[in-house]
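The structure appears below as structure tokens.
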2 protein chains.
Amino acid sequence: MERTGVEEPAKPLTAAGERILTAASTLFYEQGIRAVGVDAIAMAAEVTKKTLYDRFGSKDRLIAAYLDRRNRVWHAFLDEQLERRRPGGPEEVILAVFAALTDWLAESRRGCGFINASVELAAPDHPAMPVIVGQKQWLRAEFVAQARLAGFAEVEELADRLLLLHEGALVSFRVAAMEHAPEVAERAAADLLAGWPRG
Amino acid sequence: MERTGVEEPAKPLTAAGERILTAASTLFYEQGIRAVGVDAIAMAAEVTKKTLYDRFGSKDRLIAAYLDRRNRVWHAFLDEQLERRRPGGPEEVILAVFAALTDWLAESRRGCGFINASVELAAPDHPAMPVIVGQKQWLRAEFVAQARLAGFAEVEELADRLLLLHEGALVSFRVAAMEHAPEVAERAAADLLAGWPRG
DNA sequence: GACTGTAACCACACCGGTCGGTATACTGTC
DNA sequence: GACAGTATACCGACCGGTGTGGTTACAGTC
């Protein structure tokens with residue numbers, strides 16, 4: 001699985017910068033991007049605000065760095081999950097993505113950090129929005145690619161439906177208090193693939 | 001369709017109270033609950049902040065009133081859509097819900113107000129959370145009821161999958177820039193029903 | 001080793017603005 | 001009087017962000 005769109009950082013973070021990004025990642029996810037101020041992040045990271053601004057420039061750029069980091073963590077997680085589950089073919093790759101969702105949500109009680117951030121940032125032209133939209137479109141494109149490898153017909157429609165199930169599980173898990181949403185999504189995806197026509 | 005859980009207001013709103021709730025509903029949805037302050041709402045409603053607090057007591061209670069109002073508007077919308085589409089049986093009722101999603105999202109460019117609010121409110125014990133969770137659980141319960149009427153087997157699993165499609169469309173519409181998400185969900189729901197075993 | 005320059009960070013103060021909320025005196029209508 | 005609303009000022013806290021003087025560790029040069 002290639003992760004086009006995820007670029008390496010311009011340069012490595014200093015120790016303080018790393019602590020800032022780590023603290024911000026935790027607080028942003030757990031409490032909300034707008035609910036946490038830079039004062040709190042600086043305190044949690046045990047740095048001064050001056051250092052935070054020296055390293056990241058602004059809160060918005062720190063937010064973008066957080067989402068970029070999260071995207072990397074998710075890709076690494078997915079890679080590790082695929083390595084571990086050893087899917088035999090493209091269909092099993094797709095289903096492994098859904099199986100991985102259960103593990104991901106076990107450690108992400110507040111649902112999808114990207115979905116949450118897209119709500120909180122509000123403005124469609126926020127610098128971090130491309131990371132968010134890009135992550136979702138990457139997943140859809142991956143479904144298209146695997147569906148094509150598997151020889152299915154109408155791969156675009158199939159990928160769209162798979163994405164709805166994936167995103168639906170992410171949201172329902174949190175908003176509808178549906179703890180078993182990932183498992184439901186996996187079963188639904190498996191049935192969808194089993195009944196989908198070949199091209 | 002009954003709308004259990006949606007209670008009548010304790011007493012009717014004054015003209016100013018109505019203007020406040022209307023202004024808040026618009027601003028909260030369009031810009032975000034945390035992004036809009038009470039100053040801006042009072043100004044948009046052409047009242048003083050004092051009046052706002054006299055009528056609603058606090059911002060959190062205004063938020064709860066907004067979501068309660070939105071829930072009513074959505075139920076009224078759904079009723080009107082069902083009246084208009086005249087579904088013949090329970091399966092068509094389910095599909096009418098999905099068909100209505102297209103119209104709903106045509107006027108709700110920022111996606112689902114309940115999902116958005118659940119992110120922004122962050123704290124699970126916020127007074128408005130029961131409205132949010134309740135709306136989602138009401139929809140799931142309605143899917144269960146209609147699936148049962150239609151004589152399907154495993155109605156809980158079916159309802160779960162339908163809910164994932166519905167919520168997935170709401171989210172993907174906005175986060176994944178997927179304009180056709182409601183239509184995809186409707187087709188997927190139709191196929192799901194067509195292939196689901198009877199009990 | 002002595003010296004210099006640099007990068008990174010600290011402590012602290014400050015900025016103008018916004019936030020949700022409160023208090024006071026007053027007006028108008030029924 | 002009861003009710004609803006106005007105009008205005010105020011509160012403490014928080015918001016993202018900036019400025020100043022200082023310290024420390026390290027690398028490079030002589």
Side-chain angles (χ1 to χ4, degrees), chain A residues 9-67 117 119-123 125-129, chain B residues 9-67 117 119-123 125-129:
Chain A
K11 56 182 178 283
L13 286 178
T14 61
E18 185 61 49
R19 291 203 308 278
I20 293 166
L21 186 52
T22 299
S25 297
T26 300
L27 293 171
F28 281 157
Y29 181 73
E30 292 180 352
Q31 298 180 24
I33 284 168
R34 295 302 175 199
V36 179
V38 287
D39 277 317
I41 294 166
M43 191 176 301
E46 296 182 312
V47 300
T48 62
K49 276 207 296 187
K50 183 71 167 61
T51 301
L52 188 151
Y53 282 99
D54 283 345
R55 298 287 115 234
F56 292 93
S58 67
K59 184 180 180 180
D60 281 334
R61 282 171 57 188
L62 179 57
I63 290 167
Y66 150 63
L67 291 170
V119 172
E120 291 177 281
L121 299 181
D125 61 339
H126 190 279
M129 287 305 265
Chain B
K11 56 182 180 283
L13 287 178
T14 61
E18 185 60 49
R19 292 202 307 276
I20 293 165
L21 186 52
T22 299
S25 297
T26 300
L27 293 170
F28 280 157
Y29 180 73
E30 292 181 352
Q31 298 180 26
I33 283 168
R34 295 302 174 201
V36 178
V38 288
D39 277 318
I41 295 166
M43 190 177 303
E46 295 181 312
V47 299
T48 61
K49 276 208 295 185
K50 181 73 165 58
T51 302
L52 187 149
Y53 281 99
D54 285 345
R55 298 289 116 231
F56 293 94
S58 67
K59 184 181 181 180
D60 282 335
R61 283 172 55 187
L62 179 58
I63 289 167
Y66 149 64
L67 292 171
V119 172
E120 290 176 282
L121 300 181
D125 61 338
H126 190 280
M129 287 305 266

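Below, all heavy atoms of this structure are taken into account, side chains as well, without hydrogens, waters or symmetry copies. A, B, ... follow the sequence lines: proteins, then strands. Residue 1 opens every chain. Model, not experiment: these values are computed from the prediction.
Separating the CZ atom of B:F56 from the P atom of C:dG21 is a distance of 13 Å, rounded to the nearest angstrom. If you take CD of B:E18 and P of D:dG5, they are 12 Å apart, rounded to a whole angstrom. D:dT20 atom P lies 14 Å from atom CG of A:D54, rounded to whole Å. B:Q31 places its CD atom 14 Å from the P atom of C:dT18, with the value rounded to the nearest Å. The CG atom of A:L13 sits 15 Å away from the C1' atom of C:dA7 (whole-angstrom rounding). In this entry the distance linking CG of A:L52 with C1' of C:dA8 reads 14 Å, nearest Å. Nucleotide D:dT6 holds its C1' atom 13 Å from the CZ atom of B:R55, rounded to whole Å. Regarding A:E46, its CD atom lies at a distance of 10 Å from the P atom of C:dA11, rounded to whole Å.
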For nucleotides 13-18 of chain D, list the nitrogen or oxygen atoms of the protein found under 3.5 Å from its nitrogen or oxygen atoms, one pair per line.
from, atom 1, to, atom 2, distance (Å)
D:dG16, OP1, A:K59, NZ, 2.5
D:dG16, OP2, A:V38, N, 2.9
D:dG17, OP2, A:Y53, OH, 3.2
D:dG17, OP2, A:K59, N, 2.6
D:dG17, N7, A:K49, NZ, 3.0
D:dG17, O6, A:K49, NZ, 2.8

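Considering only residues two or more places apart in sequence or on other chains, A:D60 meets the salt bridge (charged side-chain N to carboxylate O under 4.0 Å, His left out) condition with none of them. For the side chain to side chain donor-acceptor pair (under 3.5 Å) test, no residue two or more places apart in sequence or in another chain qualifies with A:S25.
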- Query: Can A:E120 and B:V119 be said to form a side-chain contact (heavy atoms from CB on, under 4.5 Å), step by step?
  - Reply: CA-CA 7 Å; A:E120 291 177 281; B:V119 172; 3.8 Å; yes
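Screening residues 31-50 of chain A for ring-ring contact (aromatic ring centres under 6.0 Å, His included) gives no qualifying pairs among residues at least two apart or on separate chains. Legend: ring-ring contact (aromatic ring centres under 6.0 Å, His included) pairs involving residues 12-47 of chain B, not counting sequence neighbours, sorted by first then second residue: B:F28-B:Y66. The ring-ring contact (aromatic ring centres under 6.0 Å, His included) pairs that include a residue from residues 34-54 of chain B number zero, where partners must be two or more places apart or lie in different chains.
For A:T14 and C:dC9, the shortest distance from a side-chain N or O to OP1 or OP2 is below 4.0 Å. Considering only side-chain N and O atoms, A:T51 lies nowhere under 4.0 angstrom from the phosphate OP1 or OP2 of C:dC9.
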